[in-house]
Amino acid sequence: MKKKPKNSTAAVAGTITKPKKRTRNVCEPKPKPEPGFTTEDIEDFQFREDEVGEIRASLLKWYDVNKRDLPWRRINDGDATDDGERDRKAYAVWVSEIMLQQTRVQTVINYFNRWMEKWPSVHHLAQASIEEVNEMWAGLGYYRRARFLLEGAKMIVEEGGRFPKSVNDLRKVRGIGEYTAGAIASIAFNEAVPVVDGNVVRVIARLKTISANPKDTATVKNIWRLAGQLVDVHRPGDFNQALMELGATLCTPLSPSCSSCPVSAQCSALSDSKHNPSMLVTDYPTKVAKVRQRHDFSAISVVEILEGEEDASKFLLVKRPEEGLLAGLWEFPSVSMNGEADVVTRRQAIDDFLKSSFGLSSSNVIEREEVGEYVHIFTHIRLKMYIELLVLRSRDVHRKEEKAVTSYKYVDTKTLASMGLSTGVRKAYNMVQKFKQTRSNLISR
DNA sequence: AACGCGGGGCA
DNA sequence: TGCCCAGCGTT
């Protein structure tokens, strides 16, 4: 491997470093297409000053005309006249940015509107309970984000209730990393700092034909440096949003609309593709080998306790551990299986779990039915759920034998309907409801 | 630096 | 089905 002196020039937000003389100036026009730039190459990389000017102007002009009408922008847009107003904007930016982490705009819109209606300010949010927060968040995924929002709101209120204004102070808030700090500081407080998300990585990788591994720390650092060079000092918030908006709407992963792109004239990937049809804009950023999905199996028992009338029945819920997958969320009793498992094995495992943890005896069964199977896909796990309905008589519940190892509770159908359940748990419950409905239709016929 | 963490939409 | 999305905290 070729050795190069480490470039110690750190990314300075909002400043433009002077172009340096290099033996190989990658910014020079190239007589013929080159394959792209490796990790070592981009250490020396920067935009020319005239390029910076053109990109800023074109992108902002495009953004002013084409930006999407999004609920958080309605709050952000326009200049704040006092600190209170700036804080309200910052709160809206914060909530939207956390929701938007790894989540598409279209999905977020409704969640954002409901959230802001329920908790219009950081002070309102700080008074909320984790149960309420989970309820509002249910279905969005990465539930840790919701917990951090609540913790962050409490931190801010405890510190006096004023929103942190700088990247440095914002970074201290729970759940606010480099990206979110940059977004809030630039959009709400006009600090000339860059942001780098998946969109910005893609746009810059294409502009500069960066073929280095986009997940590599050195690459990410250099993209931050390049984004810092680009960010418009006068309109940093708009510029950052424009860059991301471009990535979300035109410079998309699979089919970019280069003919409509405001910075197509500055795009090396597009220029290369015109010279050589075998080179594609979509070759950048380079693809990263994906990790293999784990296959998990779980027996799930929707335990219904009958207390006289059918309407008075209650369901057993168990709280998941405070760390790991779906941390702290409620679910139906479940037992992890070691691969595919037949109904006898599953029931045995469930019986053992119900007996040892909740003192529920399988001798009190009114009804036990196999409801079905459902495969729930996480990014890293393929979870096959075996779902059964188990109806028990309440008078036979041996509360005395309960071991308080697991936190659990019995809830009625109404509570269950409104609770913050993960999508997989909600799916299991819906399958049980549908099963019952089908069965009662058959009986009434 | 590597890893864990949800869910959905789209080609 | 595979891909990837307005990332962050922990180890």
Side-chain angles (χ1 to χ4, degrees), chain A residues 67-68 70-73 76 92-112 134 137-149 151-152 170-184 186-187 194-203 213-221 224 227 237 239-249 251-256 282 285-294 296 320-329 331 375-383 420-427:
Chain A
K67 68 175 171 186
R68 290 171 291 181
L70 302 172
W72 44 94
R73 286 194 179 145
N76 303 339
V93 178
W94 180 37
V95 172
S96 66
E97 292 297 345
I98 298 295
M99 287 184 173
L100 286 162
Q101 288 169 14
Q102 308 298 84
T103 310
R104 286 164 201 282
V105 167
Q106 207 49 47
T107 310
V108 166
I109 291 175
N110 288 334
Y111 282 91
F112 176 83
N134 281 336
W137 201 268
L140 259 189
Y142 284 116
Y143 296 87
R144 199 171 50 165
R145 296 181 295 173
R147 199 173 69 236
F148 288 166
L149 262 180
E151 289 176 23
L170 285 161
R171 283 290 275 109
K172 297 170 190 162
V173 177
R174 193 77 167 147
I176 296 187
E178 205 57 39
Y179 166 80
T180 308
I184 299 172
S186 64
I187 298 171
V195 296
V196 172
D197 68 341
N199 288 313
V200 175
V201 168
R202 188 169 56 254
V203 171
N213 181 348
K215 299 289 181 193
D216 191 76
T217 315
T219 312
V220 173
K221 211 174 144 190
W224 273 93
F239 181 85
N240 286 335
Q241 292 185 83
L243 204 54
M244 294 190 282
E245 188 90 343
L246 183 75
T249 60
C251 197
T252 56
L254 296 180
S255 55
T282 50
T286 54
K287 306 289 174 269
V288 179
K290 60 180 190 297
V291 288
R292 212 178 142 63
Q293 221 170 24
R294 196 174 83 206
D296 283 5
R320 292 181 62 88
E322 292 301 332
E323 290 182 354
L325 189 69
L326 303 168
L329 295 184
E331 65 178 4
V375 177
H376 188 70
I377 305 293
F378 299 97
T379 304
H380 53 306
I381 302 167
R382 182 185 183 279
L383 174 64
L421 301 176
S422 71
T423 299
V425 176
R426 179 66 65 196
K427 176 71 183 176

Enquirer: Counting primed atoms plus P, OP1 and OP2 as sugar-phosphate and everything else as base, spell out the protein contacts along nucleotides 2-11 of chain B at 4.0 Å heavy-atom distance: B, S or - for each nucleotide, 5' to 3'.
Expert: --BBBBBB--
Enquirer: Please give the distance between the C1' atoms of dC8(C) and dG9(B) as a whole number of Å.
Expert: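 Straight-line distance between the two C1' atoms is 23 Å.
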Enquirer: Where each residue is assigned the nucleotide of DNA chain C containing its nearest heavy atom, which of Arg171(A) and Leu100(A) is assigned the position nearer the 5′ end?
Expert: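 Here Leu100(A) is the residue nearer the 5' end.
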Enquirer: The criterion is ring pair (Phe, Tyr, Trp, His ring centres under 6.0 Å); which residues satisfy it with Tyr142(A), sequence neighbours excluded?
Expert: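 So Tyr142(A) forms no ring pair (Phe, Tyr, Trp, His ring centres under 6.0 Å) with any residue.
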Enquirer: Reading DNA chain C from 5' to 3', where do the contacts with chain A start and stop? Cut-off is 4.0 Å to heavy atoms.
Expert: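 Boundary nucleotides touching chain A, in 5' to 3' order, are dC3(C) to dT10(C).
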Enquirer: In chain order, what residues pass the salt bridge (charged side-chain N to carboxylate O under 4.0 Å, His left out) check against Glu178(A), with sequence neighbours excluded?
Expert: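 In terms of salt bridge (charged side-chain N to carboxylate O under 4.0 Å, His left out), with neighbours along the sequence ignored, Glu178(A) is linked to Arg171(A).
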Enquirer: Sequence neighbours excluded, which residues qualify as side-chain hydrogen bond (donor to acceptor under 3.5 Å, both in side chains) partners of Lys67(A)?
Expert: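 So Lys67(A) forms a side-chain hydrogen bond (donor to acceptor under 3.5 Å, both in side chains) with Asp77(A).
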Enquirer: I'd like to check the salt bridge (charged side-chain N to carboxylate O under 4.0 Å, His left out) partners of Arg174(A); sequence neighbours left out, ordered by chain and number.
Expert: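 Here the qualifying residues are Glu151(A).
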Enquirer: For a quick check of understanding: with a heavy-atom distance under 4.0 Å over all strands, which category does Arg202(A) fall into, base, sugar-phosphate or nothing?
Expert: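 Sugar-phosphate: the residue Arg202(A), judged by heavy atoms under 4.0 Å, touches backbone atoms but no base.
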Enquirer: Taking only residues two or more places apart in sequence, or in another chain, which ones meet Val375(A) in a side chain to side chain contact (heavy atoms under 4.5 Å, CB included)?
Expert: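 With sequence neighbours excluded, Val375(A) shows a side chain to side chain contact (heavy atoms under 4.5 Å, CB included) to Ile377(A), Arg382(A), Lys384(A), given in chain and number order.
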Enquirer: With heavy atoms under 4.0 Å as the rule, sort Arg73(A) into base, sugar-phosphate or nothing.
Expert: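 Result for Arg73(A) = base.
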Enquirer: Looking only at atom P, what distance separates dT11(C) and dG6(B), rounded to whole Å?
Expert: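 Their P atoms lie roughly 16 Å apart.
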Enquirer: Using the P atom on both, measure dA6(C) against dC10(B) and round to a whole Å.
Expert: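 My reading of the P atoms in dA6(C) and dC10(B) gives 13 Å.
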Enquirer: May I ask you to say what Trp137(A) touches in the nucleic acid, namely base, sugar-phosphate or nothing, with a heavy-atom cut-off under 4.0 Å?
Expert: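 Nothing, no heavy atom under 4.0 Å.
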Enquirer: Taking only residues two or more places apart in sequence or in another chain, which ones pass side-chain hydrogen bond (donor to acceptor under 3.5 Å, both in side chains) with Ser422(A)?
Expert: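 By the side-chain hydrogen bond (donor to acceptor under 3.5 Å, both in side chains) rule, Ser422(A) matches no residue at all.
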Enquirer: Taking salt bridge (charged side-chain N to carboxylate O under 4.0 Å, His left out) as the definition, give me every residue that meets it alongside Glu323(A), ordered by chain and number, with sequence neighbours left out.
Expert: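 By the salt bridge (charged side-chain N to carboxylate O under 4.0 Å, His left out) rule, Glu323(A) matches no residue at all.
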Enquirer: How long is the straight-line distance from CD1 of Ile187(A) back to CG of Asn240(A), given to the nearest 0.5 Å?
Expert: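 Output value for this atom pair is 7.0 Å.
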